[in-house]
Amino acid sequence: MTNVLQLIGSALWFILPAYVANATPVLLGGGVAIDRGRLFWDKRPIFGSGKTVRGFVAGVIAGSLVGGLQGILTGQLHARLLLGLTLSIGALLGDLLGSFIKRRAGIPRGRAAPGLDQLGFLVFALLFALPVEAPNWRIVLILFLITPPIHLGTNFAGYKLGLKNRPY
Ligand code: CTP
Ligand code: MG
């Protein structure tokens, strides 16, 4: 039991910058869309108006700051800062790719794509962080198990707090 809890703790510590990067645009996003309203070949939005430049940049900065803070707390500033940056860029690119796939599938902005919404950002955060630090397989397994409920829980909380229009 303590082993599992320790593992969950290590997993959360590792992935924290990606979670923060993914949540920040809900608070600080808005303004110009990354696709600037342009349509793809299928005449549907490339990413949609929910993916903004400000949200992306704010997410990368916030996630990197969290990584830097983790580095200060543990005396591994360089490694954690780099991890924060790669996890954050990966998380936001994964989120963007998720929206691209949703639009191609005809799912409008803001509508749910179960699985993709909760795990797309995680897969890319892990891939981008891989050259900096490869977490062991048990941490990765834990992350795939705990991220969907955490994502759904925080989105629901954001909805209840009036930060989001939809509970997912
Ligand atoms: N957001 C943003 N910029 C980003 C990502 C997110 O501004 N790069 C903001 C938008 O206000 C968005 C909110 O965060 O509505 C929630 O993000 P998400 O659920 O990923 O977007 P959706 O609006 O649900 O759009 P999609 O269907 O494309 O996922
Ligand atoms: Mg959404």
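All values derive from a computational prediction rather than experimental measurement. In each ligand, atom 1 is the first atom listed, and ligand 1 is the first ligand listed. Residues take their numbers from the sequence shown, with the count starting at 1.
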| Nearest non-hydrogen protein atom, atom 9 (C) of ligand 1 | P25 O, 3.4 Å

| Are any of the side-chain nitrogens in D42 or R103 under 4.0 Å away from the carboxylate oxygens of its partner? | no

| said: Keeping T52 on the side-chain end and G30 on the backbone end, is there a donor-acceptor pair under 3.5 Å? | reply: yes

| query | Under a 4.0 Å N-O cut-off, is there an ion pair linking K51 with D35? | reply | no

| For ligand 1, which atoms, with element, lie under 4.0 Å from some heavy atom of V26? | 14 (O), 16 (C)

| Donor-acceptor under 3.5 Å (D95 side chain, A91 main chain) | no

| Numbering the atoms of ligand 1 from 1, which are under 4.0 Å from a heavy atom of R103? | 26 (P), 27 (O), 28 (O)

| field | Atoms in ligand 1 flagged as close to G29, the criterion being non-hydrogen separation under 4.0 Å | value | 7 (O)

| said: Any atom of ligand 1 sitting under 4.0 Å from a heavy atom of G110? | reply: yes

| remark: Of all protein heavy atoms, the one nearest atom 19 (O) of ligand 1 is K164 NZ, 4.5 Å

| note | Atoms of ligand 1 under 4.0 Å from any heavy atom of G30, numbered from 1 in the order shown, are 7 (O)

| query | In terms of atom number and element, which parts of ligand 1 are under 4.0 angstrom from non-hydrogen atoms of F56? | reply | 8 (N)

| task | Could you check atom 11 (O) of ligand 1 against the protein and tell me its nearest heavy-atom contact, residue, atom and distance included? | result | R109 NH2, 3.8 Å

| remark: Counting heavy atoms under 4.0 Å, the part of D95 that contacts ligand 1 is side chain

| note | heavy-atom search around atom 29 (O) of ligand 1 in the protein gives K102 NZ, 3.0 Å

| Check: R111 main-chain N/O paired with K102 side-chain donor or acceptor under 3.5 Å | yes

| task | Please report which non-hydrogen protein atom sits nearest to atom 8 (N) of ligand 1, along with the residue it belongs to and the distance in Å to one decimal place. | result | T52 O, 3.5 Å

| request: Return the residue, atom name and 0.1 Å-rounded distance of the protein heavy atom closest to atom 10 (C) of ligand 1. | output: G50 O, 3.2 Å

| query | Considering only protein heavy atoms, which is closest to atom 18 (P) of ligand 1, and at what distance to one decimal place? | reply | K51 NZ, 3.6 Å

| query | Distance only, no hydrogens: is a donor on one side chain within 3.5 Å (strictly under) of an acceptor on the other, for T147 and Y19? | reply | yes

| message | Can you tell me if F40 has over 12 outside heavy atoms packed within less than 6.0 Å of its CZ? | response | yes

| said: Can you confirm if the aromatic rings of Y168 and Y159 lie within a centre distance of less than 6.0 Å? | reply: no

| Just by distance, do the side chain of N22 and the backbone of A18 share a donor-acceptor pair under 3.5 Å? | no

